A.B. asks: 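Here you go, one structure.
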Amino acid sequence: MPANLASTPKNERVYTRQLAFIAAFLLPMGKLLEAPSILARSAQGDLLLPAILHFLLQSLLLLSVLFACSQSEQTLLERLENKLGKWTVLFYVLYGVYFLFAAVLPLLDMEKFVYAAFFDTAPSTFSFAVFFFFSAYACAKGFKSIGRSGDISLFLFLLPFFALVLMSFSASDFSSLLPLFGTDFKQSLTAFSDSTPYFSDVVLLLPLLASHRYKKNDGVKIAAGYWSGAAFTLLFLSIFYGVYSTIAPRQHYAFSKIAQYFPALNVIGRIDLLLVYLLTIILLFYTVLPLQHFTELTARILNTKRKALISALLNLALLFAVLFLNRFYNLFHSLIERKLSLVFWLVADLLPLFFLLLPKKPQKRRPLYA
């Protein structure tokens, strides 16, 4: 029997609550590591402007996909398979390649962050290999593990995030954000373009939404979750620039540094690192998410249930790829950030609008494989 999203068992699907939690607490972590320094580099004190533009664009995309979900009793992927038949596989291939491409930059950022934050001395070459054991396990578990990571993120995000925010207030000078629109708008557009890989994240919800059987008010809950995550991010960006101002572009791994000037740390020690460690767990969930999608789509393309084998091969290949690419981190980072933004705009932000064209009335399933 074809391994497709439409035939996903009920206990493998992600609940509405979990989708909202993923949008609110998991997706923001992809923007709290390198995106703040990238935005500050070009937009300076107006770094909120390109972030708001991103959130407006992503909100329109999310609302469009949710509207498409609400138009039929069938899931989006059931309707997609009805519309395209065996050509649906090409759709899976395109997004499978995209998710693999989109996973590389977060992986490289995560590696650099782990080495800088968790090691006092130079780590061994294979220290980061531990991540790929976790990734291989998560990828083999399918959508069930994604939903559970959303539930866990609720508890791991709120306390550490707001604790770090409160600890940072005393060192924040919000006048650094003034005057509003004090940066040339062209520079803000440059910041918008450069930060695209970190903000084009609604697509990470797409496979989950496409297999979700929509019920009344689901869209409100999921959209509210995403807007909550946007509010968390904008608050963080404001405080980050308030703390670091003109030197913000040089402050990488932002969420690990934002509270380091809290006065009490001189007496009680770096307790902020405990909060950073908790947020890092969510960062792990975020980093592995596109790899989980890639594994799931590859299993459907190959019409197999052997996701464990696909996951093992994928993560072994990525381990050696990361070891190679980290030597060219700056070059690769610049290439993704400044030359390949069009890939994110086309595949992540524009192509999902195709779901609006799918037939609304329930139709007989067309098999993917003859």
Side-chain angles (χ1 to χ4, degrees), residues 18 21-39 51 99 102-119 123 127-139 145-165 168 195 197-205 225-226 228-230 232-233 235-237 239-240 251-260 270 272-294 315 318-319 322 326 329 333 336:
Q18 294 172 330
F21 287 168
I22 290 168
F25 310 120
L26 197 154
L27 293 188
M29 285 308 304
K31 310 177 190 76
L32 304 186
L33 196 62
E34 286 294 331
S37 62
I38 291 172
L39 290 170
F99 285 128
V104 175
L105 190 57
L107 274 173
L108 295 176
D109 286 341
M110 166 68 85
E111 183 195 33
K112 294 292 185 184
F113 163 68
V114 167
Y115 287 167
F118 298 156
F119 290 89
S127 296
F128 191 61
V130 176
F131 167 82
F132 293 100
F133 287 101
F134 165 76
S135 176
Y137 175 80
C139 290
S145 65
I146 299 177
R148 288 175 177 173
S149 70
D151 285 330
I152 295 171
S153 295
L154 165 68
F155 302 101
L156 293 178
F157 182 88
L158 287 176
L159 176 61
F161 178 82
F162 283 106
L164 289 174
V165 165
S168 306
S195 58
Y198 297 96
F199 283 85
S200 293
D201 55 4
V202 166
V203 70
L204 295 176
L205 295 175
Y226 186 77
S228 298
F232 295 147
T233 305
L235 172 62
F236 181 88
L237 290 174
I239 293 178
F240 171 76
Q251 301 304 312
H252 303 285
Y253 323 127
F255 77 86
S256 68
K257 295 182 177 180
I258 191 172
Q260 65 181 355
R270 293 295 306 276
D272 62 309
L273 291 179
L274 297 176
L275 306 173
V276 170
Y277 296 156
L278 292 175
L279 290 179
T280 300
I281 297 174
I282 310 178
L283 185 61
L284 289 174
F285 295 155
Y286 173 85
T287 306
V288 82
L289 185 54
L291 301 180
Q292 291 173 291
H293 290 331
F294 174 85
N315 283 280
L318 285 174
L319 168 60
V322 168
N326 67 6
Y329 173 81
H333 200 285
I336 295 288

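Since the model is a prediction, treat every value here as computed from it, not as a measurement. Throughout, residue positions are numbered sequentially from 1 according to the sequence presented.
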A.B. asks: Just verifying a value: how many Å separate L283 CG and Y277 OH, rounded to the nearest 0.5 Å?
C.D. replies: 14.0 Å

A.B. asks: Show your working on side chain to side chain contact (heavy atoms under 4.5 Å, CB included) between F285 and I22 and close with a plain yes or no.
C.D. replies: CA-CA 10 Å; F285 295 155; I22 290 168; over 6 Å; no

A.B. asks: Compare all side-chain heavy atoms of Y198 with those of L33 and state whether any distance is below 4.5 angstrom.
C.D. replies: no

A.B. asks: For residues L27 and L205, determine if any side-chain heavy atom of one lies less than 4.5 Å from a side-chain heavy atom of the other.
C.D. replies: yes

A.B. asks: Using a 3.5 Å distance criterion without hydrogens, assess whether the side chain of S145 forms a donor-acceptor pair with backbone atoms of A138.
C.D. replies: yes

A.B. asks: Can you list the steps and then say if L105 with E34 is a side chain to side chain contact (heavy atoms under 4.5 Å, CB included)?
C.D. replies: CA-CA 10 Å; L105 190 57; E34 286 294 331; over 6 Å; no

A.B. asks: Are any side-chain N or O atoms of S200 and backbone N or O atoms of P197, one a donor and one an acceptor, separated by less than 3.5 Å?
C.D. replies: no

A.B. asks: Would you kindly say whether Y137 and N315 are connected by a side-chain donor-acceptor distance under 3.5 Å?
C.D. replies: no

A.B. asks: Under 3.5 Å, side chain of H252 to main-chain N/O of S37, donor-acceptor pair present?
C.D. replies: no

A.B. asks: I'd like to know if the side chain of S135 reaches the main chain of F131, judged simply by a donor and an acceptor atom lying under 3.5 Å from each other, with no hydrogens or angles considered.
C.D. replies: no

A.B. asks: Measure the CG-CD distance between L273 and Q260 for me, rounded to the nearest 0.5 Å.
C.D. replies: 9.0 Å

A.B. asks: Sequence neighbours excluded, which residues qualify as side chain to side chain contact (heavy atoms under 4.5 Å, CB included) partners of A259?
C.D. replies: L164, M167, S168, D272

A.B. asks: Flag yes if more than 12 heavy atoms outside F155 fall under 6.0 Å of its CZ atom; otherwise flag no.
C.D. replies: no

A.B. asks: Which atoms form the tightest heavy-atom contact between P28 and L32, and what is the distance?
C.D. replies: O-CG, 3.3 Å

A.B. asks: Would you compute the distance between atom CE of M29 and atom OG1 of T280 and round it to the nearest 0.5 angstrom?
C.D. replies: 6.5 Å

A.B. asks: Evaluate side chain to side chain contact (heavy atoms under 4.5 Å, CB included) for Q251 paired with I258, printing each intermediate quantity in order.
C.D. replies: CA-CA 9 Å; Q251 301 304 312; I258 191 172; over 6 Å; no

A.B. asks: Could you walk me through whether Y115 and N326 pass the side chain to side chain donor-acceptor pair (under 3.5 Å) test, one step at a time?
C.D. replies: CA-CA 12 Å; Y115 287 167; N326 67 6; 5.6 Å; no

A.B. asks: Supply the atom-to-atom distance L278 CG to S153 OG, rounded to the nearest 0.5 angstrom.
C.D. replies: 11.5 Å

A.B. asks: Between F128 and F113, is the ring pair (Phe, Tyr, Trp, His ring centres under 6.0 Å) condition met? List the steps.
C.D. replies: CA-CA 11 Å; F128 191 61; F113 163 68; over 10 Å; no

A.B. asks: Working to the nearest 0.5 angstrom, can you tell me the gap between L279 CG and L274 CG?
C.D. replies: 11.5 Å

A.B. asks: Within a 6.0 Å radius of atom CZ on F133, are there more than 12 heavy atoms belonging to other residues, nucleotides or ligands?
C.D. replies: no

A.B. asks: Kindly give the heavy-atom pair with the smallest separation between P106 and A103, and that separation in Å.
C.D. replies: CD-O, 3.4 Å

A.B. asks: Is there a side-chain contact between L291 and F99 in this structure, where contact means two heavy atoms from C-beta onward sitting under 4.5 Å apart?
C.D. replies: no

A.B. asks: Is any side-chain heavy atom of D109 closer than 4.5 Å to a side-chain heavy atom of H333?
C.D. replies: yes

A.B. asks: Does any part of the side chain of M110, heavy atoms only, come nearer than 4.5 Å to the side chain of L284, both counted from C-beta?
C.D. replies: yes

A.B. asks: How far does CZ of F255 sit from CD1 of I239, to the nearest 0.5 angstrom?
C.D. replies: 15.0 Å

A.B. asks: Do you know the tightest heavy-atom contact between L275 and P160?
C.D. replies: O-CB, 3.6 Å

A.B. asks: Tell me whether the rings of F232 and F162 are parallel (<30°), tilted (30 to 60°) or perpendicular (>60°).
C.D. replies: perpendicular

A.B. asks: Against the six-membered ring of Y329, is K112 placed for a cation-pi contact (under 6.0 Å from the centre, within 45° of the normal)?
C.D. replies: yes

A.B. asks: Are L107 and F132 packed together at the side-chain level, in the sense that at least one heavy-atom pair is separated by less than 4.5 angstrom?
C.D. replies: yes

A.B. asks: Quick one, F21 and L26 - any side-chain contact, counting heavy atoms below 4.5 Å?
C.D. replies: no

A.B. asks: With side chain to side chain contact (heavy atoms under 4.5 Å, CB included) as the criterion, how do K31 and D201 come out once you've worked through the C-alpha distance, each side chain's angles and the decisive distance to 0.1 Å?
C.D. replies: CA-CA 10 Å; K31 310 177 190 76; D201 55 4; 2.4 Å; yes

A.B. asks: Any heavy-atom pair between the side chains of F161 and F236 that's under 4.5 Å?
C.D. replies: yes

